[in-house]
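Written out below as structure tokens is the structure these notes cover.
It should be emphasised that the depicted structure is a prediction, and the values quoted were computed from it without experimental measurement. Residues take their numbers from the sequence shown, with the count starting at 1. FYI, side chains are in, hydrogens and waters are out, and symmetry mates aren't considered; it's all heavy atoms of this structure.
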Amino acid sequence: MKKLVNGVILLLLSLSTISVATTKVEALSSSQGAVLSTPETNSEFGHVLYFPNSESSKINRYSLNRARKFYSSDLKASWTTLIPQEQEGSQKIEMNSFKMTLSYNGTMATKQDFLDHGIAFHFYITKDGTNFTEMTDLMVPQEGYYQIPGEFIGYRYEMIKTNPTATIEDTFQVEANCLVDVDLTKITQDQFAGQAGLENWLDSKSPNEQPTSNYQNVFAIQPTISGQVNYQQLAAETDSPVWDSSNAIEGITVDLLEDTPTGERIAASTSTDAQGTFTFSALSGKNFSITDTNNQLSVRVRPKSYKGWLVQDNTPTASKNLVVNVGRLSDIARQSGAYALAESKTTWLAPFDEVLEAGKNATNSKFILTDFETTPPTTEPSTTEPSTTEPSTTEPSTTEPSTTEPSTTEPSTTEPSTTEPSTTAPSTTEPSTTTSTTSTTVGIVTNKNNTNRTGGLGSNNSTDQRKLPATGSQQSFLFIGLGSLVLLIAASLLLFANHKKVD
């Protein structure tokens, strides 16, 4: 029995020794953690979505290291955080963005406060993931935090007891915030398209341990905005186009608009290609940049001199402003269904947790541009010219050269009668000659000037009819009457002259 009791005592002593040895290695109670987030999403152990097209979409990295109960056998505790070198330079801490806050027993502290309570604080950075440079003396004091100048890809904390044999029960805490830049030119095509996460950051899970993956994936989400512009010529202004009957039109300007709190701005502009399509995208097409992910976007087509139509469900609707709301970048991404993997393990933050229906318009916007001929050669000539001109019925009736001109030139009998008495009565001969030739000339010139005019002499639709003389048939009777009168006067004068001569 005594041997059994001694054996139990030895076993308990052995277990106690193992426990103490383990405590000597770990040294203290500690908490380590790091979280990546963006203004749109947050996930402690999941996926974070980053929108490179938006200036407001920044990747923020927050880390916490809390240490307490430093025992007499502990020399130091350290934590290392850096990014993997398989993609060197694809991620880095943004210039001058690293801010660090120290706390002692829950109260904001300084490096000197740590030192006054027996802990020397040291801070290192690395630019290649292997070599570390101490920055402790270069930490810039700001109001409530320290700022670390420059840009780097990883960092490490160290807390070392100034008295190796002292036991310290106090709590020392280090919090850090920084922004992460991503070089999109140094990532894979799948990562660029948002189909694979960027390489994970590495963090120490316990003091004095090498860093390992924190299993947080950052996805670069770059949605595509696209549409189609077609053209159709209509027979009349009252006609409506049909999408299936329209054809692609090239060279039409399309704007991507951002609705900002201060007004509308053009984020990018492009033109339709030979297929009538336009695309705003970092993957293929016109890249763009907006100021805030929370701002809604719209697509605007500049119709030039055409009439514009918006097409929904293949039904065109006339519109003076060819503008379609496509929602926010987050709405476009979620409505597209192209980023299922990225969205599978993430938490959307307000107001992005609400999905706007407008995001569905981002990839199926359709527009039709139309015009019609105001004086088309296929319509108006058939109705206007034949009815107004009617050359077969009008012009022959007005001209009638066979009836008019002979009647005016027949005074051949007058001219001999007027030329013979040139010695006796020149004064009477000249008026008769002038009258007959003048009337004849006026008739001829009038006919020549108006023969080829629409609505000439005798035409019922002539606007100048009241300014023109009577028709040719009436004018010829007047000339015959005048000729007869001249003959009578000439005969009377001859008789009078002969009678006087006889006397």
Side-chain angles (χ1 to χ4, degrees), residues 37-42 48-61 94-97 99 142-143 147 177-184 194 218-227 229 252-272 278-283 285-304 308 310 312 317 319-336 339 346-367:
S37 64
T38 62
E40 302 82 20
T41 61
N42 181 22
V48 178
L49 307 189
Y50 159 58
F51 294 85
N53 294 108
S54 174
E55 296 175 5
S56 68
S57 187
K58 297 287 188 179
I59 303 173
N60 182 79
R61 178 174 169 81
E94 185 177 297
M95 175 73 74
N96 301 331
S97 71
K99 299 177 181 179
Q142 302 289 350
E143 186 175 354
Q147 184 176 22
N177 270 293
C178 64
L179 298 177
V180 179
D181 274 341
V182 179
D183 189 344
L184 298 175
V218 177
F219 284 81
I221 306 300
Q222 303 181 83
T224 296
I225 301 171
S226 61
V229 181
I252 297 299
T253 301
V254 183
D255 299 322
L256 181 63
L257 307 177
E258 179 185 6
D259 186 12
T260 72
T262 57
E264 197 175 72
R265 65 176 289 268
I266 298 178
S269 296
T270 189
S271 299
T272 56
F278 61 88
T279 304
F280 296 99
S281 173
L283 306 178
K286 177 68 174 181
N287 200 3
F288 62 94
S289 176
I290 64 173
T291 60
D292 195 330
T293 319
N294 194 37
N295 292 339
Q296 295 193 37
L297 307 177
S298 299
V299 170
R300 179 179 65 189
V301 174
R302 300 187 197 178
K304 296 183 178 180
L310 298 175
Q312 293 182 336
T317 303
S319 176
K320 292 183 178 179
N321 298 318
L322 297 181
V323 179
V324 174
N325 186 340
V326 298
R328 302 164 299 187
L329 288 179
S330 58
D331 305 317
I332 298 170
R334 300 177 74 177
Q335 294 286 11
S336 69
Y339 307 100
T346 191
T347 301
W348 290 93
L349 302 176
F352 304 101
D353 53 342
E354 178 186 2
V355 186
L356 302 181
E357 288 294 315
K360 295 180 179 179
N361 301 328
T363 55
N364 62 354
S365 297
K366 296 179 180 179
F367 306 86

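When Asn325, Thr260, Asp331 are each tested for a side chain to side chain donor-acceptor pair (under 3.5 Å) with Gln296, only one passes: Asn325.
The side-chain heavy atoms of Leu322 and Leu310, taken from C-beta on, include a pair separated by under 4.5 Å. In this structure, the side chains of Asn361 and Val326 come closer than 4.5 Å at one or more pairs of heavy atoms. Counting only heavy atoms from C-beta outward, the side chains of Arg265 and Thr291 approach each other to under 4.5 Å. Residues Arg328 and Pro351 form a side-chain contact, since some pair of their non-hydrogen atoms from C-beta on lies under 4.5 Å apart. The side-chain heavy atoms of Thr253 and Asp255, taken from C-beta on, include a pair separated by under 4.5 Å. Using a 4.5 Å heavy-atom threshold, the side chains of Ile266 and Leu257 count as touching. Between Asn294 and Phe352, some side-chain heavy-atom pair lies under the 4.5 Å cut-off. Looking only at side-chain heavy atoms (C-beta outward), Gln312 and Thr317 stay at 4.5 Å or farther from each other.
At least one donor-acceptor pair under 3.5 Å links the side chain of Gln147 to the backbone N or O of Asn96. Between the side chain of Glu357 and the backbone N or O of Gln335, no donor-acceptor pair lies under 3.5 Å. A donor-acceptor distance shorter than 3.5 angstrom exists from the side chain of Thr272 to the backbone of Ile252, with no hydrogens or angles considered. Judged by distance alone, with hydrogens and angles left aside, the side-chain atoms of Ser336 form a donor-acceptor pair with the main-chain N or O of Ala333 at under 3.5 Å.
More than 12 heavy atoms of other residues, nucleotides or ligands shown are found within 6.0 angstrom of CG on Asn364.
Residues Glu258 and Asn295 have side chains that bring a donor and an acceptor to within less than 3.5 angstrom of each other.
The NZ atom of Lys99 sits 8.0 Å away from atom CG of Leu179, with the distance rounded to the nearest 0.5 Å. Note that the CZ atom of Arg300 and the CG atom of Leu256 stand 10.5 Å from one another [nearest 0.5 Å]. With rounding to the nearest 0.5 angstrom, the OG atom of Ser281 is 7.5 Å from the CD atom of Gln222. Taking CG from Leu349 and CG from Asn42, the interatomic distance works out to 5.5 Å, rounded to the nearest 0.5 Å. Interatomic distance, Leu49 CG to Thr347 OG1, rounded to the nearest 0.5 Å: 10.0 Å. The CZ atom of Phe278 sits 7.0 Å away from atom OG of Ser226, with the distance rounded to the nearest 0.5 Å.
Of all non-hydrogen atoms in Val254 and Phe280, the two that sit nearest each other are O-CZ, 3.5 Å. Looking at every heavy atom in both residues, Pro223 comes nearest to Leu329 through CG-O, 3.7 Å. Between Lys286 and Ser269, the shortest heavy-atom contact is CE-O, 3.6 Å.
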In a table with atom names and distances, give each donor-acceptor pair under 3.5 Å that connects a side chain of residues 52-61 to protein atoms at least two apart or in another chain.
{"unit_1": "Asn53", "atom_1": "ND2", "unit_2": "Asn287", "atom_2": "OD1", "d": "3.1"}
{"unit_1": "Asn53", "atom_1": "ND2", "unit_2": "Phe288", "atom_2": "O", "d": "2.9"}
{"unit_1": "Ser54", "atom_1": "OG", "unit_2": "Ser56", "atom_2": "N", "d": "3.3"}
{"unit_1": "Ser54", "atom_1": "OG", "unit_2": "Ser56", "atom_2": "OG", "d": "3.0"}
{"unit_1": "Ser54", "atom_1": "OG", "unit_2": "Thr293", "atom_2": "N", "d": "3.0"}
{"unit_1": "Ser54", "atom_1": "OG", "unit_2": "Thr293", "atom_2": "OG1", "d": "2.7"}
{"unit_1": "Ser56", "atom_1": "OG", "unit_2": "Asp292", "atom_2": "OD1", "d": "3.3"}
{"unit_1": "Ser56", "atom_1": "OG", "unit_2": "Thr293", "atom_2": "N", "d": "3.0"}
{"unit_1": "Ser56", "atom_1": "OG", "unit_2": "Thr293", "atom_2": "OG1", "d": "3.2"}
{"unit_1": "Ser57", "atom_1": "OG", "unit_2": "Glu40", "atom_2": "OE1", "d": "3.1"}
{"unit_1": "Ser57", "atom_1": "OG", "unit_2": "Phe51", "atom_2": "N", "d": "3.0"}
{"unit_1": "Asn60", "atom_1": "ND2", "unit_2": "Asn177", "atom_2": "OD1", "d": "3.3"}
{"unit_1": "Arg61", "atom_1": "NE", "unit_2": "Tyr155", "atom_2": "OH", "d": "3.3"}
{"unit_1": "Arg61", "atom_1": "NH2", "unit_2": "Asp203", "atom_2": "OD1", "d": "2.4"}
{"unit_1": "Arg61", "atom_1": "NH2", "unit_2": "Asp203", "atom_2": "OD2", "d": "3.1"}

